[in-house]
Amino acid sequence: MPTLNWIGKEKVINHHQDVPFKILEPQYTFTNEKETKGVTSENKIIHGDNLEALKSLLPEYEGKIKCIYIDPPYNTGNEGWVYNDNVSHPKLKKWLGQVVGKESEDLSRHDKWLCMMYPRLKLLHKLLADDGAIFISIDDNEQANLQLMCNEIFGLRNYIGRFIWKKKKQPSFLAKHIANVTEYVFVYSKHSNLVKKLSIENVSDETRRVDNAANDISERIIKKGILVKKNIELIPAGKYKIKTMELEFLEDVKVKNNRTLNKFKVLGQFRNKQEDIDIFCDEDLLFITTNGGFRRLPTEKEKTKKKTVVDLLQDWGDNQDSDKELSLLFGKKPFDYPKPSKLISNLIKSITYDKKDSIVLDSFAGSGTTAHAVLNLNKQDGGNRKFILVEMEDYANTITAERVKRVINGYGEDKKAVEGTGGDFTYYELGDSLFLDNGFLNESIGLDKIHQYVWYSETKEPYKKEEENYLLGAKNDTAYYFYYNKDSITTLDESFLRSIKTKANQYIIYADNCLLPQTIIDKYNIVFKKIPRDITRF
């Protein structure tokens, strides 16, 4: 298998192990249209370096993330955007100087990009579930390097495929050589044999058309009680222009609570026969769109029909759609080149269609499109997916989190109003490190945080506070004790043993010192671990 080498690789290949473990500090929880404190949501938005944030997620989420979507910098060299699409960020320059050393001054922009991405992908690999998938957006600047790097980290056998996403409808006449209208989405897994076939259709959404411009004009009778997407009380009889087609309502249609009150006739270019229209009405699949046209939801048979993975992702939203989406959300476009929520929603759906309570992670969150996609998808199919976003820049609260608030509450006005999805999230800042520079425990973070870390390092399970002093918990007939006092040295001796209340076949006990004779250690199957030397570093 071809290997990828670059200046600085030997310094970053295991750097994820040296990243300090920092505590996540909740700032507020957004729910019911307001910010509160004291409670936390399963949805997270984290402000901070994503390398450190990913490390902080390990105790709770290692091996549990079903879907990861990232849209990392494409390394085009452009610096004028809100989202710097290169590797010249001051924080990255400082990090490269510390990790790679003096030779970092000679790195090309491609070397720098690879140095930045490698340790982050290593941590994302740890967080990914065995049956999960990671989707990575990229363009031609780094797509070849990305594939070789992912082959190394995830394994060539876990390469699922590469989608081509049509990002714009028409090429730019300003292009110097080739006018490119596509980007790529690479898909990798942790264990490809455990990943089900991706459920992806090349359709714009979950609805179907009932009209067709190539068909002759014919009459259809529409039963009463169908859904009307627009908040109106009457659809007057008359002709209506629907894009390139024309519909004629042959009589007035009364509407109450978004449902038609009477049967009516309509002339149009229909692709479905009258008997099909009757079925769509009876099964509550047919509806009138906001612009007065007709669409329908898929039938149960269509929902269960096996879907085929496609190579070209078109009609999944484009740059123009994402610009309109942000402008409608904020009244202006505060962010350049975001991805459309439809694209990400369809990618998420493709891997979580059979597990609608999955966790979705985006560690290059930008404007927060991934959370928008998760909330929309949950509203559409009744799912309970959770999202985790990480954003390094200062706009994490003013743009990323603010967008999610508006999606939850609803946004836009009048005809362009979009109903809120509901939901909540907790906003975090990265706090202090668990370990000080000298290797000692940082007592200022609180003993509970230390207990959580140590318990997870031993059991890979979430921590639950025990009533017994110094007991972290018990698992597989092993009891774990963390004998630690902030103001005094602790010693594991026979006196401490007599204070233990939990019975187990084995004891793992952390303390500053141990004075137990070997005979006692052997008799009670005790494993002594010295604080802080023997605390596992992730």
Side-chain angles (χ1 to χ4, degrees), residues 27-28 30 35 41 43-50 53-54 67-76 78-86 89 91 120 135-139 165 167-168 183 185 313 316-348 360-379 385-412 416 418 420-421 423-429:
Q27 304 300 301
Y28 65 83
F30 182 81
E35 296 177 8
S41 165
N43 296 315
K44 292 178 170 64
I45 298 179
I46 303 167
H47 177 217
D49 186 319
N50 57 10
L54 291 173
C67 176
I68 298 173
Y69 172 80
I70 59 171
D71 184 18
Y74 285 6
N75 203 15
T76 62
N78 293 325
E79 297 187 13
W81 306 352
V82 174
Y83 183 68
N84 274 339
D85 192 32
N86 62 16
H89 195 286
K91 289 183 179 179
R120 286 162 174 81
F135 300 88
I136 308 172
S137 285
I138 202 70
D139 72 359
W165 169 57
K167 65 179 180 180
K168 59 173 71 171
E183 292 179 4
V185 179
L313 305 180
W316 279 35
D318 53 36
N319 288 339
Q320 189 175 6
D321 293 325
S322 52
D323 287 347
K324 289 179 180 177
E325 203 166 45
L326 272 192
S327 296
L328 184 58
L329 275 156
F330 289 97
K332 59 180 180 179
K333 194 180 77 168
F335 201 90
D336 289 303
Y337 302 104
K339 293 293 185 291
S341 61
K342 187 184 295 184
L343 168 68
I344 302 176
S345 178
N346 281 334
L347 292 173
I348 294 169
V360 180
L361 168 64
D362 182 350
S363 56
F364 291 88
S367 68
T369 312
T370 297
H372 190 162
V374 169
L375 291 166
N376 275 348
L377 192 55
N378 284 343
K379 185 178 180 181
R385 300 167 186 85
K386 306 298 187 300
F387 62 80
I388 302 172
L389 306 187
V390 183
E391 178 50 52
M392 176 178 71
E393 300 290 353
D394 291 338
Y395 55 72
N397 194 29
T398 57
I399 295 180
T400 312
E402 181 60 31
R403 174 181 185 168
V404 182
K405 292 176 185 177
R406 297 184 185 196
V407 171
I408 290 171
N409 289 341
Y411 57 94
K416 293 184 177 181
V418 178
T421 61
D424 52 34
F425 68 88
T426 300
Y427 184 83
Y428 292 84
E429 295 281 355

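Remember, predicted model here, so these are calculated numbers, not experimental data.
- Although no hydrogens or angles enter the test, the distance criterion places a donor-acceptor pair under 3.5 Å between the side chain of W165 and the main chain of G317.
- In summary, of the residues considered (K324, R403, E402), a side chain to side chain contact (heavy atoms under 4.5 Å, CB included) with L329 occurs for R403 alone.
- To the nearest 0.5 Å, atoms CG (L377) and OG (S345) are separated by 4.0 Å.
- T426 contributes no side-chain N or O that, together with a main-chain N or O of K44, makes up a donor-acceptor pair within less than 3.5 Å.
- Ion pairing of D49 with R120 is present here, as a side-chain N (NZ or NE/NH1/NH2) and a carboxylate O approach within less than 4.0 Å.
- Annotation: side chain of I70 is in contact with side chain of I68 (closest heavy-atom distance under 4.5 Å).
- Looking only at side-chain heavy atoms (C-beta outward), L347 and V185 come within less than 4.5 Å of each other.
- With hydrogens and angles ignored, the 3.5 Å screen pairs no side-chain donor or acceptor of R406 with any backbone N or O of Y411.
- When side chains are defined from C-beta on, V404 does not count as touching Y427, because their heavy atoms never get closer than 4.5 Å.
- When all heavy atoms are compared, the tightest approach of D71 to K339 is OD2-NZ, 3.1 Å.
- The line from CD1 of I45 to CG of D362 is 10.5 Å long, rounded to the nearest 0.5 Å.
- Residue S367 holds its OG atom at 7.5 Å from CZ of F330, rounded to the nearest 0.5 Å.
- Looking at heavy atoms from C-beta onward, D321 lies out of side-chain contact with K342 at the 4.5 angstrom threshold.
- Defined by atom type and a distance below 3.5 Å, a donor-acceptor pair is present between the side-chain atoms of S341 and E325.
- Note that OG1 of T369 and CD1 of I344 are 5.0 Å apart. Values are rounded to the nearest 0.5 Å.
- Counting only distance, with no hydrogens or angles, the side chain of E393 and the backbone of Y395 share no donor-acceptor pair below 3.5 Å.
- Between S137 and F364, the closest side-chain pair of non-hydrogen atoms is not below 4.5 Å.
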Residue pair V360, T370: steps toward the side-chain contact (heavy atoms from CB on, under 4.5 Å) verdict:
CA-CA 8 Å; V360 180; T370 297; 3.9 Å; yes

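- For Y69 and F135, the distance between ring centers is not under 6.0 angstrom.
- In this structure a side-chain-to-backbone donor-acceptor pair under 3.5 Å is present from N43 to F387.
- Residues H47 and D394 form a side-chain contact, since some pair of their non-hydrogen atoms from C-beta on lies under 4.5 Å apart.
- Judged by distance alone, with hydrogens and angles left aside, the side-chain atoms of N409 form no donor-acceptor pair with the main-chain N or O of G420 at under 3.5 Å.
- Nearest heavy atom pair, residue I408 against residue G423, reads CG2-O, 3.5 Å.
- Among all heavy-atom pairs drawn from G368 and L389, the shortest one is CA-CD1, 4.0 Å.
- With no hydrogens or angles considered, a side-chain donor-acceptor pair links E183 and Y74 at under 3.5 Å.
- Checked by atom type and distance alone, the side chain of T400 never pairs as donor or acceptor with a backbone atom of N397 at under 3.5 Å.
- Listed by chain and number, the residues in a salt bridge (Lys or Arg N to Asp or Glu O under 4.0 Å) with D318 are K169 (sequence neighbours excluded).
- By the 4.5 Å heavy-atom criterion applied to side chains, L343 and L313 are counted as neighbours.
- Here the straight-line distance linking atom OH of Y28 with atom CZ of F425 works out to 4.0 Å at 0.5 Å rounding.
- Across P338 and L326, no two heavy atoms sit closer than the pair CG-CD1, 3.6 Å.
- Distance alone, capped at 3.5 Å, is enough to place a donor-acceptor pair between the N50 side chain and the S363 backbone.
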